[in-house]
Amino acid sequence: MQTREDGPYIVLLPLIDSGTYRATLRPPSKGMDTPHSLHLRIESGDASVKASKWERALYVAAGNDPYALLDAAVAKAAALSGGAKPLAQKRVPKSLNVFGWCTWDAFYWRVSAKGIMDGLQSLHDGGVPPKLLVIDDGWQLTEVDEPQRKTAAAARIAAAAPRNPAVAEGLTGGDPNALSHHTAASGPHAATPSQSERNIPPQNMPTSDSSTTTTSSDSGSGAVPEGALSSAQRWVIELVGSLVSKLMYALNSILSSVEIPGWALQAMSALAMGPLQQKLLQLYADGGDHSRRLSSVAANGKFSSIQAGPDEPWEGKQEDLADVVRHIKKKFGVELVYCWHALHAYWSGVSPTALGTQTYGSQITYPTPTAGILELEPSMTWNPQIVAGIGAVTDPTQLHKDMHAYLTGSGVDGVKVDVQATVGLMGSKLGGGPSMTLKYHQSLESSVQTSFPGNHCINCMCHSTENLYRMENTAVARVSDDFYPTDAASWTCHLGICAYNSLFMAPLVQPDWDMFHSKHPAALLHATARVVSGSGVYVSDKPGAHDFELLRRIVLQDGSVQRPLLPGRPTKDILFADVLKDNKTLLKVWNMNPVNGLVGVFNVQGSSWSRKKRAFYTHDPNPPVLETLVTPTDIHTFAQSSSAPQHFVMYSDQSKQFTLAAHQEELTIRLQPGKSDVVTVAPVFGIGGEAQAACIGFVNMLNPGGGVLRVTMDQAQGSRSTAVCEVHAKGYGDLMMYISQSPLLVTASGRRVTFTYNDNQRMLTIELPQASDLHRLVRVEL
């Protein structure tokens, strides 16, 4: 909170006491509290675990520097609650510095070895080779419980994209036409749309040959011949599934827009766990993977060879993930491969009956959501993990060791660990969420350090303090919900959410802003956000659906990206503004390169998250064109030090404005709705009052200053020139500089290079072609 316009600032951080009792701050209840009241709730998450006294519930701190205050306070709260080290003390994985491709939006659960080959080949052919591959959900061997296996296998044949995530997720706010989506895509890699895919058509998808089979099987159910279902039977399955999905969606929409009394939630819970349970379980099994359980630590049959396609039987073929990974690295030059898994193995846990997982002793537990969760999400009453139960392993140490040992043995370098908040839910019958989550994070942290040298782990869906405060060494975590490629209302909200969540999470982890699509209506907006964020940069394009011109503004020919040094955070002047709804404020995110600073500017007004609708929605279809002022002091590094440079050159990527500015001078940025800009701020170096220079960087890149590694300015010795500016750079294209006088000579790595000089603006542009060595020493003699 802010006491005055320029501070001091106060931060209140709920803690976790004794590893068991988690505190949260809650706003006033309607009609019961004063508008300015604040409640502190302390919960174990398990009704049987109680206390009447808590030594550590709330941490309060104050300071004049909001960023320093948050860094220190969050680190202290984590130390008091769970032991997470500050980000400054952690090893950041090198995966953040290379371009990546994630399989999720490209294939969803139908990811396969053949699909991955096609996707990597597509990017490789375009000259933008990913060095990081994230194999997302869909590679593991899983099963539904015995009663649902035949219907799940039949549904897999009846639908072109068999397991539809919109069904399970759609019951909590998704698409009423979820089960009919499969008809919109074709080809062997046609991906099932996610819960939010309802506003624009899917990307065009190439058709390519893949290995096909005449049978399809669900794990544990045996093969079901395709001819076993007539066209009429398939039609009936699709019709019934569609009607049930629409009915559940309509019910959820009604319930999501009203306040539901406790007795009604209890009644709905009784129905979901009683007479409707089997129907719901069949719906979940037919349409999604959220009721499935891990049945082996090994991969499924879609990774039995490099030619295995999405319709390969999951069982009955020996998996060979090791050969698939080996081939990927050798053929495409991929340096790092990550695989997805849930913190508790899979969405609904670990199968207690499967031969491959019996040794872990999992037990089916039926969680009870806390009252606070049900207030926000009443539909948790019929969530798949509630209705199906979760296969809970009380001590996950051996499970994590075995999962990671299998992956490292297959050549996998790291993991994306998702669904972390579910472990807290799972603990509601096992000693409480905070206590259970502590066990799982201790196990994960230990296994990652042992199995994946280099700290290769992305934490995901982990915003609860019971997760975040326990990330002792892992250094990367998602700061948002998914990027939803076809939910237009979410595109701008995503950026605001990431920026402001980073204020809280960045003291402990490098925020991950999630993947995006390069060929997409909001591609430039999201690409700009990623290069400013300091996050890893990875896309989830479908094979053949790429904007290589945009990608080449982010990725160098060697697959590296020019990532800023810090987590991107909102500028000081907008810390308490509503950049989504106030119709006057542009989102500004600042960061630092090795020499220069940068400010990303975004017009994200018009859409927001509705707690009533429980969905992203467009509250203003015609948000205004807005202006803002960018100053060098928006970059906090340049504002806080008395020794900071006093003169700068500012450059706008959108308008191409090139301006010499004093410490407090301003550059006006004007943006249409949904548009963005990057302003590079380069300090001016000089000798006396005559020779001066500043280096903006490679203006063909979205982050020009990312390629400027060092700038020096010295008096010339024994030559006709008066001064020499040297720039240590990495990159190619047009290197832009401010030079106070026309240069006598410009060289790059000892060779003369072509340049132009604008006397009016004192702007020097140097042409640096691509070369095998991207590191250049540029020398400008004045």
Side-chain angles (χ1 to χ4, degrees), residues 528 531 553 562 593-601 629-632 634-635 638 645-670 677-714 716 721-749 751-769 776-782:
T528 303
V531 301
R553 297 203 66 197
Q562 296 171 324
N593 290 310
V595 176
N596 300 343
L598 66 160
V599 179
V601 189
L629 300 175
V630 175
T631 72
D634 280 336
I635 298 158
F638 292 153
Q646 296 302 304
H647 290 87
F648 302 84
V649 175
M650 295 194 289
Y651 175 78
S652 161
D653 179 71
Q654 182 201 54
S655 67
K656 311 306 178 188
Q657 293 180 78
F658 180 88
T659 305
L660 179 65
H663 201 250
Q664 296 289 343
E665 290 183 359
E666 302 159 339
L667 178 66
T668 299
I669 301 297
R670 179 181 175 86
D677 196 1
V678 177
V679 177
T680 300
V681 182
V684 174
F685 298 85
I687 298 177
E690 298 181 4
Q692 294 182 329
C695 188
I696 293 294
F698 294 97
V699 293
N700 50 296
M701 306 297 286
L702 272 177
N703 176 17
V708 180
L709 307 181
R710 187 157 66 94
V711 177
T712 60
M713 190 80 170
D714 294 307
S721 58
T722 59
V724 175
C725 177
E726 289 188 342
V727 178
H728 295 257
K730 180 184 179 183
Y732 43 83
D734 291 335
L735 183 71
M736 181 180 289
M737 299 182 64
Y738 166 83
I739 300 291
S740 60
Q741 54 191 276
S742 181
L744 300 174
L745 176 67
V746 179
T747 61
S749 301
R751 296 183 179 182
R752 287 176 176 265
V753 291
T754 303
F755 68 89
T756 59
Y757 184 72
N758 184 314
D759 283 305
N760 293 327
Q761 292 184 295
R762 299 180 179 181
M763 181 174 69
L764 172 67
T765 305
I766 306 167
E767 297 179 20
L768 296 178
R776 321 287 181 95
L777 174 59
V778 177
R779 181 181 172 90
V780 180
E781 295 186 15
L782 306 180

Considering all heavy atoms of both residues, which atom of [X] and which atom of [Y] are nearest to each other, and what is their separation?
| X | Y | value |
| --- | --- | --- |
| Gly733 | Asn700 | CA-OD1, 3.5 Å |
| Ala691 | Gln741 | CA-NE2, 4.2 Å |
| Met650 | Val681 | CG-CG2, 4.0 Å |
| Phe698 | Gly707 | CE1-O, 4.0 Å |
| Phe755 | Pro743 | CE1-CG, 3.7 Å |
| Pro683 | Phe638 | CD-CZ, 4.2 Å |

Pairwise side-chain contact, [X] with [Y], heavy-atom cut-off 4.5 Å (strictly under):
| X | Y | value |
| --- | --- | --- |
| Asn593 | Val708 | no |
| Tyr732 | Arg776 | yes |
| Cys695 | Val595 | no |
| Cys725 | Met737 | yes |
| Arg710 | Pro594 | no |
| Val678 | Val599 | no |
| His663 | Phe648 | yes |
| Arg762 | Ile739 | no |

Between Gln657 and Ser655: side-chain donor-acceptor atoms closer than 3.5 Å:
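Yes, a side-chain donor-acceptor pair sits under 3.5 Å.
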For a quick check under 3.5 Å, do Asp734 and Thr765 share a side-chain donor-acceptor pair by atom type?
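Distance-only check fails for Asp734 and Thr765.
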Please report the interatomic distance [atom1]([X]) to [atom2]([Y]), rounded to the nearest 0.5 Å.
| X | Y | atom1 | atom2 | answer |
| --- | --- | --- | --- | --- |
| Ile696 | Met763 | CD1 | CE | 10.0 Å |
| Thr747 | Glu781 | OG1 | CD | 7.0 Å |
| Thr756 | Met736 | OG1 | CE | 8.5 Å |
| Thr680 | Leu702 | OG1 | CG | 10.0 Å |
| Arg752 | Arg779 | CZ | CZ | 12.5 Å |
| Gln692 | Phe685 | CD | CZ | 12.0 Å |

Sequence neighbours left out, what passes side chain to side chain donor-acceptor pair (under 3.5 Å) with Asp653? Give chain and number order.
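Applying side chain to side chain donor-acceptor pair (under 3.5 Å) to Asp653 gives Arg553.
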For Thr631, give me all partners under side chain to side chain donor-acceptor pair (under 3.5 Å), at least two apart in sequence or on another chain.
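In terms of side chain to side chain donor-acceptor pair (under 3.5 Å), with neighbours along the sequence ignored, Thr631 is linked to Thr633.
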Leu629 vs Thr668, test: side-chain contact (heavy atoms from CB on, under 4.5 Å). Steps then yes/no.
CA-CA 5 Å; Leu629 300 175; Thr668 299; 3.3 Å; yes
Side chain Asp677, main chain Ser652, donor-acceptor under 3.5 Å:
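The answer is no, because no donor-acceptor pair under 3.5 Å joins these two groups.
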Aromatic rings Tyr651 and Phe658: how do their planes relate, parallel, tilted or perpendicular, breaks at 30° and 60°?
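The arrangement is perpendicular - the two ring planes meet at more than 60°.
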